[in-house]
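Protein chains get the first letters and strands the later ones, always in sequence-line order, with residue 1 at the start of each.
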Amino acid sequence: MADPISDLHDAIADAVRGLSGGEVPDLGLERPAQADHGDYATSVAMRLAPVLSRPPREIAEELAAVVGALPGVEAVEVAGPGFLNLRLGADWYRAALAAMLADGADFGRGAPQAGVETLVEFVSANPTGDLTIGSARNAAYGDCVARLLAFTGEPVVREYYFNDAGNQIALFGASLVARRRGEDVPEGGYPGPEVEEIAAALPLADDAPVEEWTRLGIETMMARIRASLERMRVSFDLWTSEQTLHASGAVGAAIERARAEGHVFEQDGATWLRTSAFGDDKDRVLLKADGETTYFAADLAYIDLKFTRGATRAIYVLGADHHGYIQRLKAGAACLGYDPEAVEVLIYQLVTVSGERMGKRRGNVITLDGLVEAIGVDAARYFLVQRSHDQTLDIDLDLAVEESSKNPVYYVQYAHARCASILRKAADEGRLTEGVGAAHVPEGPEAVLVRRLAEWPDIARTAAELRAPHRIVAWAHELAGDFHAFHHDLYVLHEDDDVRAFRLAAVRATAEALARALDLVGVAAPDRM
RNA sequence: GGGUCCGUAGCUCAGUGGAUAGAGCACCAGGCUUCGAACCUGGCGGUCGCACGUUCGAAUCGUGCCGGGCCCGCCA
């Protein structure tokens, strides 16, 4: 795939190699914040100085002579302690624009990688109630990470793991029965309205066996969860049940595998996994003294399943309240003989709503469905990944409900609709153009816009590497701003064919870029609003 | 006590070692006779929690403090 900035980077790297005799440090190629520092700048001369034992400015001067002759580079200037500031020429802008349009929706997409398969397991909420706002963040974030990795060429499998065995599930069944009978749910049960709703709707007699209630209840709850996720545009390739792991003997097999690896021991009547040998702060019980398996035993079997199925990397998306699981899961993999580095746990911080923490016991539960009803899927997804996953997220419901221009999602979508509108008008008037204009020299706002567009491959790559979809959102917002300014200052459907061709090409490229970016975060890019 | 995330403008937050630290909101002042004013332009606003260190250069890396969130079970 074409990448004009990457090409520029490589050309400068070649120049550096010629000067240094092989050594090429990080170029530190970037778009300077300040306009008079050029369109692009590199700090490579300063990085090279200690290596070559020469003054940075002297190195910069020599590099400038070579870099200045590169195609597309109009001017080079040595500045400050040894920065190389370069200004790009009109031919570079036209070529860059043409290259992006040639790639279309694939601009910035990575080549498919062979021999790897990344499993992204996310949401994985137990089917004992509707998805909460916390799961909503998990869904939005995990889905974006999966989309980003796929975009960079990494084969991705998405999986939802659900707990349908054990105490919590039994309590869920008992809660259903109690609700049908008009009673309070048992201690530790599920008092939510959805439980009451399901209890009333299930086609079961009041005195049907509790196992039946549990089975049908879970089925119904899972269907509700799937529907909620579909509305959120979140899909999965695999739905895996914990019960299946027990029934298939996978749990026992995993324990035996760990035992064969020499990491299982008996103590106080229980069976333990020596996770502390691999960085966990304590050992973990697999089989309790009463013979029951722990939840972690199923986790262990699940890790085994992930890798035996062929995953080369297992990503977990968990809330901050599970951060203690990182070492445990990695150690679990190690105890099975897998590389713990292949287990990657992504932790997102908790969500508050209008400053308050949610909790079923607090009686202020806001569900994913509730959020979507209140502000719509686009705004919900945008808000949920707008901030870094490392940052606690507060959703101001009063503001989110307000459908005003304060809502940043409209700002970005509006830019896309504007592009579409211009292209419609151009088509209606029969004034569409081919190419990017043979000799048009871009004016300020045009150049700013094209430079922004050219950042995309690096933005996508970095966001994927850092598992940071909020960078996509931030970039889309900046692009929208550059486009609005461009549109405000310059008339696209100019009489001059050359000018019109360049501007229409910029509009097309912007529309595609916004659609691409918004798609990666699961937000629609409407042609009309 | 240990682990982990956070601390940047009045508020919510960007900023993977670079030059004079940014955006949105709020506030103030402007801008529609052509493509969508759901928009644009300017202004106001900062000890980047504190200290020491690493180096040509630190909001960014290291160490120690201070403050806040979350977690630390033979529960799931």
Set of ring pair (Phe, Tyr, Trp, His ring centres under 6.0 Å) partners for [X], sequence neighbours left out:
X	value
A/Tyr382	none
A/Tyr414	A/His484
A/His494	none

Notebook entry, point to check: Out of A/Ile133, A/Ile395, A/Asp394, which one pairs with A/Thr352 under the side chain to side chain contact (heavy atoms under 4.5 Å, CB included) rule?
Noted result: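 Result for side chain to side chain contact (heavy atoms under 4.5 Å, CB included) with A/Thr352: A/Asp394.
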Item checked: Residue from A/Leu148, A/Val412, A/Val473 passing side chain to side chain contact (heavy atoms under 4.5 Å, CB included) with A/Val521 ->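 When side chain to side chain contact (heavy atoms under 4.5 Å, CB included) is applied between A/Val521 and each of A/Leu148, A/Val412, A/Val473, only A/Val473 qualifies.
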Next item on the list: Determine whether A/Trp456 and A/Ile472 make a side-chain contact, defined as any pair of heavy atoms from C-beta on separated by less than 4.5 Å.
Entry: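 Touching, per the 4.5 Å side-chain cut-off.
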Margin query: With a 4.5 Å cut-off on side-chain heavy atoms, are A/Arg471 and A/Pro469 touching?
Written below: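 SC-SC contact between A/Pro469 and A/Arg471 ruled out.
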For [N], what is the paired nucleotide under Watson-Crick or G-U wobble rules, both distances under 3.5 Å?
N	answer
B/rC13	B/rG22
B/rC70	B/rG3
B/rC50	B/rG64
B/rU41	B/rA29
B/rG57	none
B/rU34	none

Just how far, in rounded Å, is [atom2] of [N] from [atom1] of [X]?
X	N	atom1	atom2	result
A/Ile347	B/rC6	CD1	C1'	15 Å
A/Asp378	B/rA38	CG	P	19 Å
A/Ile326	B/rG2	CD1	P	19 Å

Next item on the list: Identify, between A/Glu478 and A/His484, the residue whose nearest nucleotide on RNA chain B lies closer to the 5' end.
Entry: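 That would be A/Glu478.
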Check: How would nucleotides 71-76 of chain B be written as a contact map, 5' to 3', with B for base contact, S for sugar-phosphate-only contact and - for no contact, using protein heavy atoms under 4.0 Å?
Finding: BSSBBB
Note to self: At under 4.0 Å between heavy atoms, how does the protein contact nucleotides 11-21 of chain B? Give one character per nucleotide, 5' to 3', with B, S or -.
What the structure shows: -BSSSB-BBB-
Margin query: Under a 4.0 Å threshold between the charged nitrogen and the carboxylate oxygen, would A/Lys425 count as salt-bridged to A/Asp428?
Written below: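 Salt bridge: no.
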Margin query: For a quick check of understanding: with a heavy-atom distance under 4.0 Å over all strands, which category does A/Leu27 fall into, base, sugar-phosphate or nothing?
Written below: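 The answer is nothing, as A/Leu27 stays clear of every strand by at least 4.0 Å.
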Notebook entry, point to check: Under a 4.0 Å heavy-atom cut-off, which of residues 417-428 of chain A touch RNA chain B?
Noted result: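 A/Ala417, A/Arg418, A/Ser421, A/Ile422, A/Lys425, in order of number.
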Notebook entry, point to check: Quick one: do the A/Gln168 and A/Tyr190 side chains pair a donor with an acceptor below 3.5 Å?
Noted result: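 A/Tyr190 and A/Gln168 do have a side-chain donor-acceptor pair below 3.5 Å.
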